[in-house]
Every structure is written in C-alpha cells, then in structure tokens.
Amino acid sequence: MKRFWTLRRKLILFSLALISIPLAGISLLQQIERILVENLQQHLQGYAQSIAFSLTQQKALFSRDVLGSEASQSGFYVSTLPQPLDIDGYHDDWFAVSDFTKRYRNESLSLSVMTGTRGDSFSLMIDVEVPSIGYRQTHDLDALSDQVVVRLINQKGEHYELKFAPLAPGKVNPSIRSDAQQNVWVSDAKWQETNTGYGLEIKLPIFQQWQALGVAVFHPDGQSSTVQTVSSFEQQLNPLIWPSQALEAQLKQLNSRNARRIWVLDAKGRLLARAGNVKSDLPLQRVNPIINFLFAPPPGDFNDPRARSIALSMPAVQQALEGQSQLDLEPVAGQTLAIALASVPVIADGAVIGVVVVEETVAAIQMVQREALNVFVNTSLLMILMVIVVAIIIATRFTHRITRLNQSVNESVDEYGRVINIIDADKTKDEIGELGRSFESMSVRLTEYHDYLEKLASRLSHELRTPVAMVRSSIDNIALSHQEELSQPINNALSGIQRMSGIINRMKEAARVEQSIFASQRAEIDLKEFCHQYVDAYGQMNPDWSFEVILTGELNAIESSPELMAQLLDKLFSNAMDFAESSSVIRLYVEHNNDHIEVAVENRGPALPDVDTKELFASMVTLRDPKYRQPEQVNMGLGLYIVRLIAEYHGGDYFAYNTEDATGVRVGIRFSR
C-alpha cells in the first residue's frame, strides 16, 4: 500500500504553512489599504458634491471680478488674516498664513514677502537677510543706505512707488512717488532689526483695490561701494490674488475636520477661496517595535506640495472644468505619504461656473494600517512560535527515530563484522519506518548467511575427511604392490592428498581462529627472554635463513598469552620469509617507547602494494603476487588477519609500512603495557 504522509509531503506542508503567513499578511494589508483609500475618495467626492451643490445657489461669488486674473505661481496670495495685526516689524502675527510666504535670493541677500488682508486694510510683511545694515545718515532719501522699495498698481492701472530708507529702527515714513491724481497714505510701517537682518511691516488702505505688487531690496557694500539688489519681479510686477472673504468664511464653517483642505476655483481654474490644510497630528498608538522599524508612522509635518499654490492645473481639475468629477491619489515626493483628492464641477444653468476640490492625506489610513499590522505581526509571531515549536517536536521525533535506528544498526554488528542482534524496526509508515524495516530484513538475511558461512568450513572439513581417507588408504594399498613403474604417480597422488588435508585443516582453523584467540588465558611473560628463546628455536627449524633480535628500551614482564605471542611471531616470520630476499637477514624488533610496546618483523624485499593497510589485515584476503607463492603452498589470507586479532586482543593497533630506504617492509603490532 502506497503511504500518503511521506517525509516529503510533511516538509512541503510545513513549508507552505510558513510561506502562507507573510503572503496572507501582505494580501490582507493590500486589501485593507485599497478599500480604505477607495472609501476615503468616495467620501471626499460626496463631500465636494455637497459643497458644489450649495455653491450653485451663490452664482454671484463666481461672477466677482477677481484681481490678478492672470495669476500664476509668481503672484502673491492675499491671505485673510485670522486676527488684527500689531504693526511692530515682527512676523509673529503672520504664523497662520506663513504657508504663502514668497522667498527670493540673490548672492548674499534673501527676501521673504507675505501679504494679507483684514477688514479695510492690506498688509505686507517683508523679511530681509543681509550681512549688515547700513542706515541713512542724512535727510537725503537718495543717500546710500539699505532701502526697501514697494511698487503697487491699483485697479485703474495707476503706479505707486514707496521707498523705505530709515535713519534707525522703529517707525518709518516712506517717500511716495505716483503718476496718479490721488495720493495714497501708509497707515503704519515699522522697521525692526532681526538676528539675520531686518523686518519691515507695512499697513495700507484697501480702497485702492491693489492689483499688482513688487518688492525690491537695495543693500550697499561698504568695501566696494557697490549696491546689491534682490527683487520679487523682473519686468512686470507680481499679480495679487484676492480671495473671497465671504466664501472663505463659508468654507471654514463647512470644513470641520482637521487635515482636510477645500479649494474653490472659478471657470478658468483661478483660486477664489481655500480653507484648511492637509497636515495632521494624529496620536500614535503603542505598537510592536518591529512595526516602528519596518513601517514608520506617517509624518505629521511634511513638505506640502500645494501649501503656497494660488492656482491648480492638475488633470483632475481639468476634467472637472469639462464637467466630469474626478478622483486621484497623488504621492508626496520624498515622503511615505499620499494625498487623496476629489474634484467636482459647480454647474449652474447647464454651464460649469467653477470647481470644488477637496484634499486629505491618507495618514489616517496609514494609522489604521499600523494598527492592523500590529495585530497581524503579533498574531504572526504567535503563529510562527507555534510552528517553530511544532517543527522542533517533529525534528526531535525524526532525530530520535534516526538516532535509535542508527544505534540499533551499530549494535547489530560487532567489530569483526558478525551480526549479533536483529535490528528492531520502526512500525511508522513513512520513509524512516520503511528504512528501518529494510535494515531489519537485511540483518535477518545477513545473520542467516553469516551462520551459514561459519558452519560451512566445519561441514566441508567433516564431509571431505572421509573421501580423503578413502583415497589415501587406496593409494597406500597400491603402494604395497611394489610396482616401481607406479611409484611416481603414487607419490604425486600422496602429495595432492597431503595438500587437500592441509586445506581441510586450515578451513577448520579459520572456523575457530577467533574463538581460540579471545578464549586464551593471560599470564605473565618475560618478553625479552621469550623472544630470544623463540628466535633460537625458529632459527633451528629454518636453517636456510638468518634471524636477528633487536631489543630497545627497558623490557619488563607483560600480561599476555604465551601461545598467542608464539602464534604472532610465527605469522610475522612466516610472512617475512615469503617475501624476503634470499640470504638476507630477518630482524625482530621489540621496542619499549614511553607507555607502549612495539613488536615488529622487518625484512628486505619488495614494497607493499598501494592499498589501504586495513585491507592487508582483512580476513580471507591475500594480495600476494603469484611469483611469491610456492606450488605446494596453501594461502587462505589468514596470516595477517591473525596478527590483527592478536593486536586487538591486547587492546592495541597493527601496522605495515615500507622502510625509510624503501628496501624492505616492517609489519607488527603496538600495544600499551
């Protein structure tokens, strides 16, 4: 049966759960923002339509002859002052209309101009930044000094020039030049010094119906005797834009909400009145610190792109002048803020007589977004925490299962490769469970196969002994016939039988070699005396070879098995004699270095093959070149394997390497005392 909840599907489900959290949040915030902005625009449009409908009953407001009909951004907007001015030369009373300040700069001079009206007066606030102030020293008005020249044009086109050149700070009377028949007088004028220069505040009567204004500043340079100039105009004076005070008062009554601005334009898009501003000061709610880092609160004070505008020429206004209501969302340059607006035409007698524009920032929407984002982030963090906990639990369970399977696999096989335990498989129906069941099945098959191999040598040796004995007895009976012509075949047959008997004995030895080694009893051995006695006896048994014992260090008695030590030396000498050059000396090295003892046999002969050392000491493995094998010799690859087992019996290590001069090989073991 095909499993469904595989590890792959579990990980895919877990990944989708993690990915869905931010995707759901992004989608939610986008939907909230879109819906709220659309609702805001619809509300602004409905509000503008109500204002436009009320204005259709007041057509006279739109038929008024607005001064400065050719108004542009170069004109001065005559703001309606909220309170009477105290003419003192300071601009403290002008703060409410400071958005309409006009600024001009030329080299080291700077000029700022504000205009306003209240009742039957027209006022100007002029701020000048100069390095120093030079006052007039004589009564001559044309003497070299700091001067401010104000030029005016009334509705009749008559020109007036007012020159202010005071002897000292305080009240100042200008010299007046005019081509009109009727003179103009200045109600009041004050000149005051400031930290950066000086300020000039002027109050004029409004009955002249001023149409244009120009301001020029002259500053003498004491070092070069030159005069620096900065002015608000080049050739033509700046037009004055007069709002409808009655209309502005009506708009202020209608605009009861902060951060909202209302514009009323005539049929040519010229400003008739405006009220309010789009700057807001919303209270900040406490939110998650992550939100303040990723999503800054909307700025309460920002660079309003239309704070000083006296005319609107945007596409939404043009559409409204053509009779179509329009909605728009305008981003503020350099700010994370946008302004939503709605423009609605004012229609009377089937004709467009004006336009109402209502603006409001999306700061309130952003605040709602922040609150929604705060809820989302807190909820997401809780969800992520829960997912992390679940992931840790799942990962811990997977790790525990894999670790348990790994431990079971390691415990199922001993250091000699024998299967000693059957792997206990996990019953879970996933990849890890399937892997465990595969290991369980494999361990069962390996146990059966290893048991078969262990018993194979004993069975074969038992089965072969009877036919070998029968063949040997038959050959012996034939040999008794004393037929000389059969002596050589009989000898060959006897040699073959002897080799077969040797193979049977080695197979039996291979079946019990491990059991015999690890069942050996330890005893105290004088290693120095033991090695000398063994080499002497071995030399007598092999008179064709020369043997030498080299002892190094202080050799004391050790705990070992005499039979195993004799078997170790026998295998080392036998291996050396198989590869040693004829008439060369085979040396036995017994060294005591610090805390370990090394027993090795060195012979001159061919170098070791380029294989891993562990492969040389493996069971039933022989890498011997055929030229080093005797025809009657039976080699089953047990010699160095027994050396390895004896080294492990002593808790030591085994080694085989070429000598430094590459003329021979050293093979042995190393173990602790």
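Positions are given from 1 along the sequence.
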Task: ring pair (Phe, Tyr, Trp, His ring centres under 6.0 Å) against F218, all qualifying residues, sequence neighbours excluded - done: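 Scan of F218 (ring pair (Phe, Tyr, Trp, His ring centres under 6.0 Å), adjacent residues dropped) gives none.
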- [ ] Please list, chain by chain and in numerical order, all residues satisfying ring pair (Phe, Tyr, Trp, His ring centres under 6.0 Å) with F164, sequence neighbours excluded.
- [x]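 Residues passing ring pair (Phe, Tyr, Trp, His ring centres under 6.0 Å) with F164: none at all.
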Open item on the list: Ignoring hydrogens and geometry beyond distance, is a side-chain donor-acceptor pair present between W94 and E201 at under 3.5 Å?
Closed with: yes
Open item on the list: Just by distance, no angles: are the side chains of H219 and D146 close enough, under 3.5 Å, to form a donor-acceptor pair?
Closed with: yes
Where [X] and [Y] come nearest, the two heavy atoms and their spacing:
| X | Y | result |
| --- | --- | --- |
| S98 | M114 | CA-SD, 3.8 Å |
| P345 | A52 | O-CB, 3.8 Å |
| S232 | L111 | N-CD2, 4.2 Å |
| L321 | D266 | CD2-O, 3.8 Å |
| V344 | A48 | CG2-CB, 3.6 Å |
| G197 | I133 | O-CD1, 3.4 Å |

Pairwise distance [atom1]([X]) to [atom2]([Y]) - rounded to 0.5 angstrom:
| X | Y | atom1 | atom2 | value |
| --- | --- | --- | --- | --- |
| L152 | Q211 | CG | CD | 11.5 Å |
| Q147 | T229 | CD | OG1 | 10.0 Å |
| W210 | F122 | CH2 | CZ | 8.5 Å |
| L162 | N173 | CG | CG | 11.0 Å |
| R274 | Y77 | CZ | OH | 6.5 Å |
| L44 | L327 | CG | CG | 8.5 Å |

Is there a side-chain contact between [X] and [Y] (heavy atoms, below 4.5 Å)?
| X | Y | value |
| --- | --- | --- |
| L251 | V264 | yes |
| I347 | I353 | no |
| L265 | V346 | no |
| Y160 | N154 | yes |
| Y104 | K102 | yes |
| V148 | I126 | yes |
| V37 | L329 | yes |
| N106 | V217 | no |

TODO: Any pair with a residue in residues 113-130 that passes side chain to side chain donor-acceptor pair (under 3.5 Å), sequence neighbours left out, goes on the list, sorted by first then second residue, please.
DONE: H91-D127
Open item on the list: With side chain to side chain donor-acceptor pair (under 3.5 Å) as the rule and sequence neighbours excluded, what pairs involving residues 348-359 come up?
Closed with: K59-D349, R261-E359, W263-E359, R306-E359
- [ ] Please assess K190 against L200 for the test side-chain contact (heavy atoms from CB on, under 4.5 Å), listing each intermediate value before the final yes or no.
- [x] CA-CA 6 Å; K190 293 288 180 64; L200 176 61; over 6 Å; no
Task: Name of the residue among R260, Q41, H43 meeting side-chain hydrogen bond (donor to acceptor under 3.5 Å, both in side chains) with E360 - done: R260
Could I get the full list of side-chain contact (heavy atoms from CB on, under 4.5 Å) partners for [X], not counting sequence neighbours?
| X | value |
| --- | --- |
| Q326 | A316, Q319, S343 |
| E161 | V149, R151, R177 |
| F53 | T56 |
| I392 | I388, T396 |

Open item on the list: Applying side-chain contact (heavy atoms from CB on, under 4.5 Å) to L124 and L204, what does each step give before you reach the verdict?
Closed with: CA-CA 8 Å; L124 292 84; L204 298 171; 4.2 Å; yes
For residues 78-90, which side-chain N or O atoms pair as donor and acceptor with protein atoms under 3.5 Å away, sequence neighbours left out?
from : atom 1 : to   : atom 2 : distance (Å)
T80  : OG1    : E248 : OE1    : 2.8
D88  : OD1    : Y90  : N      : 3.0

Task: Intermediate values then yes/no, side-chain contact (heavy atoms from CB on, under 4.5 Å), L237 and L213 - done: CA-CA 5 Å; L237 301 183; L213 168 68; 6.0 Å; no
TODO: Return yes when atom CD of Q236 has more than 12 non-hydrogen atoms of other residues, nucleotides or ligands closer than 6.0 Å, and no otherwise.
DONE: no
- [ ] Mind checking side-chain hydrogen bond (donor to acceptor under 3.5 Å, both in side chains) for S112 and listing every partner two or more places apart, or none if nothing turns up?
- [x]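 Partners of S112 by the side-chain hydrogen bond (donor to acceptor under 3.5 Å, both in side chains) criterion come out as none, since no residue qualifies.
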Task: side-chain hydrogen bond (donor to acceptor under 3.5 Å, both in side chains) against S108, all qualifying residues, sequence neighbours excluded - done: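 Scan of S108 (side-chain hydrogen bond (donor to acceptor under 3.5 Å, both in side chains), adjacent residues dropped) gives Q228.
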Open item on the list: Working note: V317 + M314, criterion side-chain contact (heavy atoms from CB on, under 4.5 Å); need CA distance, chi angles, decisive distance, verdict.
Closed with: CA-CA 5 Å; V317 173; M314 62 186 65; 3.5 Å; yes
Task: Set of salt bridge (charged side-chain N to carboxylate O under 4.0 Å, His left out) partners for K163, sequence neighbours left out - done: D142
